[in-house]
Amino acid sequence: MIPGSAFEKYALFEFGLTFVQKHRRLIRPVVLKEIKKFQGCGKVVNGFKLFVCEGCHHTKKVAYRCKGRFCTTCSVGESEEWSRILANEVIQVNHRHVIFTIDEGLRDVFLQHRYLLKDMMDEAARIIKEFFWKKAKVEPGIISGLHTFGSQVNFNPHVHMLVTMGGINQKGEYVDHDFIPFAMLRKQWQTVVLKLIRKNLNAEEKRKVQPRLQAAFNNNKDGFYVHAPKQKGKIQEQLRYIGRYMRRPAIGLNRIVAYDGEMVTFTYKDKTDGLEKTETVTVEEFIARLIRHIPDEQFKTIRHYGMYARNRKAKVKALLTKWQKEVKKWFVKAGAKLRKRNWREKFLMNNQPDPLVCPKCENHLVFKGEVCLDDGVLTIRVAVCNNTKKYLERVIDYLTSQQDSKEKEKGQFA
């Protein structure tokens with residue numbers, strides 16, 4: 001049995017080609033693109049930075065990461081960084097984690113008509129904005145994240161929101177409003193989702209899904225589930241936790257407990273009884289579930305509304321900054337904007353050895369050059385001296401010859 005930590009490399013690197021070749025006609029182009037990126041993640045053949053020890057001249061090549069939407073490794077790192085920066089940038093007030101779900105019978109409708117997912121996010125934000133304006137005459141700040149996955153990696157689209165418990169009024173003042181009426185929002189959300197589907201589908205499509213729409217209405221007398229628990233603890237900790245949750249991948253490697261070449265076993269939390277359970281499926285079924293959660297090209301799974309809308313954010317911060325000085329309440333953080341940590345800083349943050357310390361003589365590793373893919377061809381982007389350039393040219397020749405040999409053996413991956 002191969003442990004979950006090796007599954008990413010073994011199952012998807014090795015089985016991925018077979019899966020794609022078998023189901024190519026049914027797979028969206030963006031999925032092929034993301035799987036290809038994922039298979040090259042962390043491989044020097046797709047580009048790297050060169051570091052050389054200033055003591056013993058030991059060389060180290062740091063390969064580029066794919067930063068793809070299918071890569072669990074990159075997704076986890078990006079999620080952590082995004083939540084750290086988010087917690088510093090948003091207005092320092094209480095927020096709630098609001099969740100909008102839909103009826104189980106409607107999930108396939110959104111799977112088959114993926115263009116509805118953006119409208120679903122927009123409509124959920126509109127409901128919250130209209131409620132705050134009606135009750136308190138304020139504009140809240142909303143950061144919305146779309147999850148298309150359930151605990152069993154099944155297709156289960158739902159919206160997670162980070163919502164300020166209050167908002168800015170027409171005078172530029174921040175007003176608290178920490179109340180959300182679940183019962184009212186549930187019925188309203190149900191009506192909005194059903195209307196959204198009917199409005200955007202053609203006559204033949206509506207005829208096919210009508211039984212599902214009727215069942216979704218009949219089986220949810222109180223409306224679709226909407227939840228917004230009050231948060232506890234420090235605001236910064238709340239924001240980072242919710243941020244990580246909103247950006248988390250469909251499944252973490254720690255949940256994959258076994259793989260034998262044919263079957264995959266993973267853990268999940270059963271929402272009906274709260275217990276942790278396991279499920280075993282074929283590797284083909286597992287990959288089929290995973291690729292459903294790769295969003296369409298250019299689709300934004302994180303969107304900003306209200307005070308946090310990109311065309312409003314700067315103006316709102318300026319108004320609140322002026323007002324907070326008058327009332328001596330500090331909502332907007334002053335100071336420089338946080339930047340993303342680089343790869344070295346991430347190593348040090350996790351108490352790992354400094355990657356720029358030579359493992360042989362413990363001297364410092366110095367940046368000497370960089371190689372990247374340019375239209376599929378490895379090209380020298382930076383070489384600090386002529387000797388480095390010659391060395392990188394030899395490395396490129398070697399990597400290119402190795403890649404050509406592999407493509408002849410396996411067939412080119414399109």
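Start at 1 with the first residue, then count along the sequence. Being a predicted model, the structure only gives us computed values, none of them experimental.
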* **Steps toward side chain to side chain contact (heavy atoms under 4.5 Å, CB included) verdict (Val153, Val281)** => CA-CA 11 Å; Val153 206; Val281 297; over 6 Å; no
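- By the 30° and 60° cut-offs, the orientation of the rings of Tyr268 relative to Phe266 is tilted.
- Counting all heavy atoms, side chain and backbone alike, Val52 lies closest to Thr59 at CG2-CG2, 4.1 Å.
- Side-chain N or O atoms of Asp270 include none that pairs as donor or acceptor with a backbone N or O of Gly274 at under 3.5 Å.
- Between the CZ atom in Phe110 and the CZ atom in Arg114 there is a gap of 12.0 Å [rounded to 0.5 Å].
- The neighbour count for Gln352 CD, taken as heavy atoms of other residues, nucleotides or ligands under 6.0 Å away, is above 12.
- We find the CD1-CD1 distance between Ile91 and Ile168 to be 7.0 Å, quoted to the nearest 0.5 Å.
- A donor-acceptor contact shorter than 3.5 Å links the side chain of Thr400 to the backbone of Ile396.
- Between the side chain of Gln152 and the backbone N or O of Gly150 there is no donor-acceptor pair closer than 3.5 Å.
- For the pair Glu370 and Arg381, the salt-bridge criterion is met [side-chain N within less than 4.0 Å of a carboxylate O].
- At least one side-chain heavy atom of Trp343 sits less than 4.5 Å from a side-chain heavy atom of Leu356.
- When all heavy atoms of Asn363 and Cys53 are compared, the pair lying nearest together is CB-SG, 3.6 Å.
- Using a 4.0 Å cut-off between charged nitrogen and carboxylate oxygen, Glu89 and Lys313 count as a salt-bridge pair.
- Judged purely by atom type and a 3.5 angstrom limit, His147 uses its side chain to pair as donor or acceptor with the backbone of Met246.
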* To do: List the steps and the verdict of salt bridge (Lys or Arg N to Asp or Glu O under 4.0 Å) for Lys390 and Glu393.
  => CA-CA 5 Å; Lys390 290 180 180 179; Glu393 287 172 345; over 6 Å; no
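- Note: His113 and Tyr115 have perpendicular aromatic rings, judged against thresholds of 30 and 60 degrees for the angle between ring planes.
- Separating the CG atom in Leu348 from the CZ atom in Arg341 is a distance of 10.5 Å, to the nearest 0.5 Å.
- Note: Phe100 and Trp189 meet the aromatic proximity criterion, with ring centroids under 6.0 Å apart.
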* **salt bridge (Lys or Arg N to Asp or Glu O under 4.0 Å) evaluation trace for Glu123 with Arg126** => CA-CA 5 Å; Glu123 287 297 300; Arg126 181 181 63 81; 2.7 Å; yes
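- Ser144 OG to Met121 CE: the interatomic distance, rounded to the nearest 0.5 Å, is 3.5 Å.
- Side-chain atoms of Asp108 never come within 3.5 Å of backbone atoms of Leu111 as a donor-acceptor pair (strictly under, hydrogens ignored).
- One finds no salt bridge joining Arg303 and Asp122 here, because no Lys/Arg side-chain nitrogen approaches an Asp/Glu carboxylate oxygen to under 4.0 Å.
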* salt bridge (Lys or Arg N to Asp or Glu O under 4.0 Å) between Glu326 and Lys322: does it pass, once the steps are laid out? -> CA-CA 7 Å; Glu326 297 174 1; Lys322 180 181 178 181; 5.2 Å; no
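- A 6.0 Å sphere centred on CD of Glu362 holds no more than 12 heavy atoms belonging to other residues, nucleotides or ligands.
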* Apply the test side chain to side chain contact (heavy atoms under 4.5 Å, CB included) to residues Ile99 and Val226: give CA-CA distance (whole Å), side-chain angles for both, the deciding distance (0.1 Å), then the verdict. => CA-CA 6 Å; Ile99 306 162; Val226 176; over 6 Å; no
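- Considering every non-hydrogen atom in both Tyr259 and Val264, the closest pair reads CD1-CG2, 3.6 Å.
- The ring pair (Phe, Tyr, Trp, His ring centres under 6.0 Å) analysis of residues 369-403, with sequence neighbours excluded, yields no pairs.
- Val175 is not listed as a side-chain neighbour of Phe132, based on a closest heavy-atom distance of 4.5 Å or more.
- Here the two rings, on His95 and His97, have centers that are 6.0 Å apart or farther.
- By the 4.5 Å heavy-atom criterion applied to side chains, Arg107 and Asn154 are counted as neighbours.
- By the 4.5 Å heavy-atom criterion applied to side chains, Lys60 and Pro355 are counted as neighbours.
- Around atom NZ of Lys269, no more than 12 heavy atoms belonging to other residues, nucleotides or ligands sit under 6.0 Å away.
- Ion pairing of Glu81 with Arg84 is present here, as a side-chain N (NZ or NE/NH1/NH2) and a carboxylate O approach within less than 4.0 Å.
- Put simply, the side chain of Thr379 gets close to the backbone of Val377: a donor and an acceptor are under 3.5 Å apart.
- Using a cut-off of 4.0 Å between Lys/Arg side-chain N and Asp/Glu carboxylate O, Lys134 and Glu130 are scored as not salt-bridged.
- Comment: Lys208 does not engage Glu205 in a salt bridge, judged by the lack of any side-chain N to carboxylate O separation of less than 4.0 angstrom.
- The heavy-atom pair separating Arg65 from Gly42 by the smallest distance is NH1-CA, 3.9 Å.
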* Take Val159 and Met120 through the test side chain to side chain contact (heavy atoms under 4.5 Å, CB included) and record every step on the way to the result. => CA-CA 8 Å; Val159 180; Met120 184 170 80; 4.0 Å; yes
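- How far OG1 of Thr301 is from CG of Leu117: 11.0 Å, rounded to the nearest 0.5 Å.
- In this structure the side chain of Asp296 reaches within 4.5 angstrom of the side chain of Arg28, judged on heavy atoms.
- Note: Phe155 and His293 have parallel aromatic rings, judged against thresholds of 30 and 60 degrees for the angle between ring planes.
- Side chains of Val62 and Phe51 form a contact here, defined as non-hydrogen atoms less than 4.5 Å apart.
- The two residues Val44 and Leu378 come nearest to each other via the heavy atoms O-CD2, 4.5 Å.
- Annotation for Glu54: atom CD counts as buried by contact number, over 12 foreign heavy atoms lying within 6.0 Å.
- The shortest heavy-atom contact between Ala250 and Arg255 is O-NH1, 3.7 Å.
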* To do: Using the salt bridge (Lys or Arg N to Asp or Glu O under 4.0 Å) rule, take Lys199 and Asp119 through it: C-alpha gap first, then chi angles, then the decisive distance, then the call.
  => CA-CA 11 Å; Lys199 178 183 176 182; Asp119 292 334; over 6 Å; no
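- Expressed to the nearest 0.5 Å, how far CZ of Phe299 lies from NZ of Lys118 amounts to 8.0 Å.
- A salt bridge links Asp273 with Lys277: the closest approach of a Lys/Arg side-chain nitrogen to an acidic carboxylate oxygen falls below 4.0 angstrom.
- Formation of a donor-acceptor pair under 3.5 Å by the Asn386 side chain with backbone atoms of Lys389 is not found in this model.
- Counting heavy atoms from C-beta outward, Ile242 and Tyr245 have side chains that stay 4.5 Å or more apart.
- The aromatic rings of Phe179 and Phe131 lie tilted to each other, with the angle between the two planes from 30° to 60°.
- The local environment of CD in Glu262 is sparse, with at most 12 non-hydrogen atoms from other residues, nucleotides or ligands closer than 6.0 Å.
- Contact check for Asn200 versus Leu196: side-chain heavy atoms found under the 4.5 Å cut-off.
- Arg312 pairs by the salt bridge (charged side-chain N to carboxylate O under 4.0 Å, His left out) definition with Glu139, not counting sequence neighbours.
- With hydrogens and angles disregarded, no donor-acceptor distance shorter than 3.5 Å links the side chain of Thr164 to the backbone of Gly167.
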